[in-house]
**Q** 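Structure in structure tokens, see below.
Computed from a predicted structure; not experimentally measured.
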Amino acid sequence: MRQWDSHQGQQKMVETIHLERRNTMATKTELSPTARESKNAQDMQVDEVLIPRKVPSLCSARYGIALVLHFCNFTTIAQNVIMNITMVAMVNSTSPQSQFNGSSEGLPVDSFGNLNKAPESLSAKAPVYDWSPQIQGIIFGAVGYGGILTMAPSGYLAGRVGTKRVVGISLFATSFLTLCIPLAADFGIVFLIVTRIVQGLSQCSVIGGQFAIWEKWGPPHERSRLCSIALSGMLLGCFSAILIGGFISETLGWPFVFYIFGGVGCVCCLLWFIVIYDDPTSYPWISTSEKEYITSSLKQQVRSSQQPLPIKAVLRSLPIWSICLGCFSHQWLVSTMVVYIPTYISSVYHINIRDNGLLSALPFIVAWVIGIVGGYLADFLLTKNFRLITVRKIATILGNLPASALIVSLPYLNSSYITATALLTLSCALSTLCQSGIYINVLDIAPRHSSFLMGASRGFSSMAPVIVPTVSGFLLSQDPEFGWRNVFFLLFAINLSGLIFYLIFGEADVQDWAKERKLTRL
């Protein structure tokens, strides 16, 4: 009996083994071929699907970095723009030459030949100067001279020594020089222009050096919104500087505009050095899950320290040139709006400086909102299987063509300042959509060299803020009647040319010269 039971047990064991083998074979058969391919596809999508589908948290460290950069850009651009609104008070009609050119009723005339209705109390609170439109154009453009020299080097340097040092030191320098502007103006026009040039070196180092931080902090599927949050600080800075600058100039005098914004910059600089770190691994307040999420999403884009920048290939790259020319044409549009909105409203509609500040600032607060929304919209389109280049070009088209067309229509629809303000507001708001388009395109096509190339493209585009005030001041002086029309038509032509070039040659795929290469020795 025991032998019979043992024999039956062995047979059951054998049958069990055969049954497990059949199940295993059946499972393999079921996985072939469709299920097996699906399983492999799921394995391959671990890094590409699961990571991008992670719901971003506004309380995360990377969004905190974007917010600090937001305030950094706010401070930098505010210190740049305050000259545009204070110029209305700095060039006052109480100067001797302006009085000689006054009307028969004894009312002063501004530098464009229009009645200046600025309050007389301004002259008692702050010095005034007799600067022609050409001189004003040079002062406006002086801050951009440094940008041509420092944008690309600051991006390269930030990639080497870290964004924290480059941007932090530059932010302190521009804040200190902002405090010195009233003193430089008292010393003379030459001292003021030199101060503005050195200030431009610092400001452009802040702008050019900050993009390197997204090489290590920005997951690819979140870069549009992160960059939009950071860059939209520039729009909020324009709004605050123009709005508050008008009130401060009328109540306290224009020098206090520079003192206040220079002091804010020093405080922001202190915040920068405390909060900012160059990479997630050294950040003390980041969660482990977020650190792993960021590093794993950027695993394929880590720049090799042994791989140099292929200069010849970059210079021959049409996608790079399309980005540079597109950024230049868009900066021409932005510079015209930022520099000449207060002057246009003042000279055409004779608005006092307080109301001028309010009307000139309104477009930028609307643009601030649209810029952030545009970043989220771009990332949303990517989740709906839109091609990356399609999203970039759609954002660039919407940020260029309608905005420049609205500016051109200003001289023909100038029946009231309300109409002009509405057109300027809509134009400025739409122009911010380029933040999610052409301005971060370098991160798509050359992520390994993005710090230098982002600075180089912005450096190339920074020629626009230099040329715009000079050319516009010349056009306004030569033809007072049709000067504004000439300025706006030139803007439209340049903007359209850059947009067409980008639409033809712009790409979003990683270029061959930007891919990882194995170094071999013969």
**Q** Answer yes or no: is there a donor N or O on one side and an acceptor on the other, between the side chain of Ser329 and the main chain of Gly326, under 3.5 Å?
**A**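 The answer is yes, because a donor-acceptor pair under 3.5 Å joins these two groups.
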
**Q** Quick check: does any side chain N or O of Gln136 sit under 3.5 Å from a backbone N or O of Trp131, one acting as donor and the other as acceptor?
**A**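 Looks like yes, one N/O pair under 3.5 Å.
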
**Q** Looking at Asp278 and Gly162, would you say the former's side chain and the latter's main chain have a donor-acceptor pair under 3.5 Å?
**A**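 Checking the backbone N and O of Gly162 against the side chain of Asp278, no donor-acceptor pair under 3.5 Å is found.
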
**Q** List the steps, then state whether ring pair (Phe, Tyr, Trp, His ring centres under 6.0 Å) holds for Trp217 with Tyr283.
**A** CA-CA 11 Å; Trp217 276 99; Tyr283 198 75; 5.3 Å; yes

**Q** Does Leu236 form a side-chain contact (heavy atoms from CB on, under 4.5 Å) with Phe239? I'd like the steps, not just the answer.
**A** CA-CA 5 Å; Leu236 188 61; Phe239 167 78; 4.3 Å; yes

**Q** Which atom pair, heavy atoms only, marks the closest approach of Pro319 to Ile445?
**A**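 Reported closest heavy-atom pair: CB-CD1, 4.2 Å.
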
**Q** Please check if any side-chain donor atom of Ser436 sits under 3.5 Å from a side-chain acceptor atom of Ser228, or the reverse.
**A**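 Side chains of Ser436 and Ser228: pair found under 3.5 Å.
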
**Q** Evaluate the side-chain proximity of Phe492 to Ile407: yes if any heavy-atom separation is below 4.5 Å, no if none is.
**A**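 They are not in contact (no side-chain heavy atoms under 4.5 Å apart), so the answer is no.
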
**Q** Are Asp186 and Pro127 packed together at the side-chain level, in the sense that at least one heavy-atom pair is separated by less than 4.5 angstrom?
**A**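 Sidechains of Pro127 and Asp186: in contact.
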
**Q** How far apart are the closest heavy atoms of Leu406 and Ser427, and which atoms are they?
**A**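 Looking at all heavy atoms of both residues, the shortest contact is CD1-N, 3.8 Å.
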
**Q** Answer yes or no: is there a side-chain heavy-atom contact under 4.5 Å between Ile207 and Ile77?
**A**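 In short, these two side chains touch, coming nearer than 4.5 Å.
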
**Q** Output yes when a side-chain donor or acceptor of Arg196 lies under 3.5 Å from a complementary backbone atom of Val143, and no otherwise.
**A**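 The answer is no, because no donor-acceptor pair under 3.5 Å joins these two groups.
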
**Q** If the plane angle is over 60° it's perpendicular, under 30° parallel, otherwise tilted; pick one for Phe256 and Tyr259.
**A**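 Ring orientation of Phe256 relative to Tyr259: perpendicular.
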
**Q** Could you tell me the separation between the CD1 atom of Ile276 and the CD1 atom of Ile65, rounded to the nearest 0.5 Å?
**A**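 If I round to the nearest 0.5 Å, the distance is 3.5 Å.
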
**Q** Looking only at side-chain N and O atoms, does Ser282 offer a donor or acceptor that is under 3.5 Å from a partner on Asp279?
**A**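 Present: a donor and an acceptor within the cut-off.
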
**Q** Over all heavy atoms of both residues, which pair between Thr421 and Leu362 is shortest? Give the atoms and the distance, please.
**A**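 So the minimum-distance heavy-atom pair works out to CG2-CD2, 3.8 Å.
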
**Q** Kindly indicate whether the side chain of Met337, heavy atoms from C-beta on, has any atom under 4.5 Å from the side chain of Leu491.
**A**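 Side-chain contact under 4.5 Å: no.
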
**Q** Here's one to test your reading of the geometry: is the NZ or CZ of Lys164 within 45 degrees of the ring axis of Tyr277 and under 6.0 Å from its centre?
**A**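 Yes, cation above the ring, under 6.0 Å and within 45°.
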
**Q** How about Ser232 and His70: does a side-chain donor come under 3.5 Å of a side-chain acceptor?
**A**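 The answer is yes; a qualifying pair exists.
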
**Q** In chain order, what residues pass the side-chain hydrogen bond (donor to acceptor under 3.5 Å, both in side chains) check against Gln203, with sequence neighbours excluded?
**A**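 Gln203 satisfies side-chain hydrogen bond (donor to acceptor under 3.5 Å, both in side chains) with Asn80, Thr174 only.
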
**Q** Have Tyr502 and Asn441 got a donor and an acceptor in their side chains that come within less than 3.5 Å?
**A**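 Present: a donor and an acceptor within the cut-off.
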
**Q** Would you please indicate yes or no on a ring centroid separation below 6.0 angstrom for Phe505 and Phe501?
**A**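 When the ring centroids of Phe501 and Phe505 are compared, they turn out to be within the sub-6.0 Å range.
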
**Q** Would you compute the distance between atom CG of Leu433 and atom OG of Ser431 and round it to the nearest 0.5 angstrom?
**A**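 If I round to the nearest 0.5 Å, the distance is 8.0 Å.
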
**Q** Say whether Gln331 and Tyr439, considering side chains only, have a donor N or O and an acceptor N or O under 3.5 Å apart.
**A**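 Judged by distance alone, the side chains do pair up.
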
**Q** Are Gln79 and Ser175 close enough that a side-chain donor and a side-chain acceptor fall under 3.5 Å?
**A**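 Per modelled atom types, Gln79 and Ser175 side chains form a pair under 3.5 Å.
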
**Q** Using the rule given for side-chain contact (heavy atoms from CB on, under 4.5 Å), can you reason through Trp332 versus Leu490, listing the C-alpha separation, both sets of side-chain angles and the distance that settles it, and then say yes or no?
**A** CA-CA 10 Å; Trp332 192 286; Leu490 178 62; 3.8 Å; yes

**Q** Is it true that atom CZ of Phe172 has more than 12 heavy atoms of other residues, nucleotides or ligands lying nearer than 6.0 Å?
**A**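 Not buried by this count: 12 neighbours or fewer within 6.0 Å.
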
**Q** According to the salt bridge (charged side-chain N to carboxylate O under 4.0 Å, His left out) rule, which pairs have a member within residues 368-393, sequence neighbours left out?
**A**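 Every salt bridge (charged side-chain N to carboxylate O under 4.0 Å, His left out) pair that includes a residue of residues 368-393, provided the two are not neighbours, is Arg225-Asp379, Arg392-Asp444.
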
**Q** Between Thr336 and Phe488, is there a side-chain heavy-atom distance shorter than 4.5 Å?
**A**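 Counting from C-beta outward, Phe488 and Thr336 do come under 4.5 Å.
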
**Q** Measure from the side-chain N and O atoms of Thr178 to the backbone N and O of Gly262, and report whether any donor-acceptor pair falls under 3.5 Å.
**A**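 No; zero donor-acceptor contacts below 3.5 Å.
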
**Q** Step by step, work out the side-chain contact (heavy atoms from CB on, under 4.5 Å) result for Phe489 and Val408.
**A** CA-CA 6 Å; Phe489 272 113; Val408 170; 3.7 Å; yes

**Q** Kindly say whether Thr396 contributes a backbone atom to a donor-acceptor pair with the side chain of Asn400 at under 3.5 angstrom?
**A**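 Such a contact is found between Asn400 side chain and Thr396 backbone.
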
**Q** Where the side chain of Thr295 meets the backbone of Lys291, is there a donor-acceptor pair that is under 3.5 Å apart?
**A**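 Indeed, once roles are kept as given, a pair shorter than 3.5 Å links the two residues.
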
**Q** Report yes if the side chains of Leu235 and Phe74 come closer than 4.5 Å at any heavy-atom pair, otherwise no.
**A**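 Contact flag for Leu235/Phe74 side chains = no.
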
**Q** Between the side chain of Ser461 and the main-chain N/O of Arg458, is any donor-acceptor distance below 3.5 Å?
**A**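 Yes; judged by distance alone, with no hydrogens or angles, the pair exists.
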
**Q** Tell me if a side-chain donor or acceptor on Ser297 pairs with a main-chain N or O of Ile294 at a distance below 3.5 Å.
**A**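 Between the backbone of Ile294 and the side chain of Ser297 there is a qualifying donor-acceptor contact (under 3.5 Å).
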
**Q** Would you mind reporting whether Tyr293 and Arg62 have side-chain heavy atoms less than 4.5 Å apart?
**A**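 Yes; the side chains approach each other to less than 4.5 Å.
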
**Q** Does a side-chain heavy-atom distance below 4.5 Å link Tyr376 with Ile229?
**A**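 Contact flag for Tyr376/Ile229 side chains = yes.
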
**Q** For Ser457 and Ile320: C-alpha separation, side-chain torsions, deciding distance, then whether side-chain contact (heavy atoms from CB on, under 4.5 Å) applies.
**A** CA-CA 8 Å; Ser457 62; Ile320 289 292; over 6 Å; no

**Q** Within a reach of under 6.0 Å around CZ of Phe380, are more than 12 heavy atoms found that belong to other residues, nucleotides or ligands?
**A**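 Open.
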
**Q** Give the minimum heavy-atom separation between Gly265 and Thr75, together with the two atoms involved.
**A**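 Heavy atoms only, the tightest pair is CA-CG2, 3.2 Å.
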
**Q** Do the side chain of Ser205 and the main chain of Leu201 share a donor and acceptor less than 3.5 angstrom apart?
**A**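 Flag set: sc Ser205 to bb Leu201 pair under 3.5 Å.
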
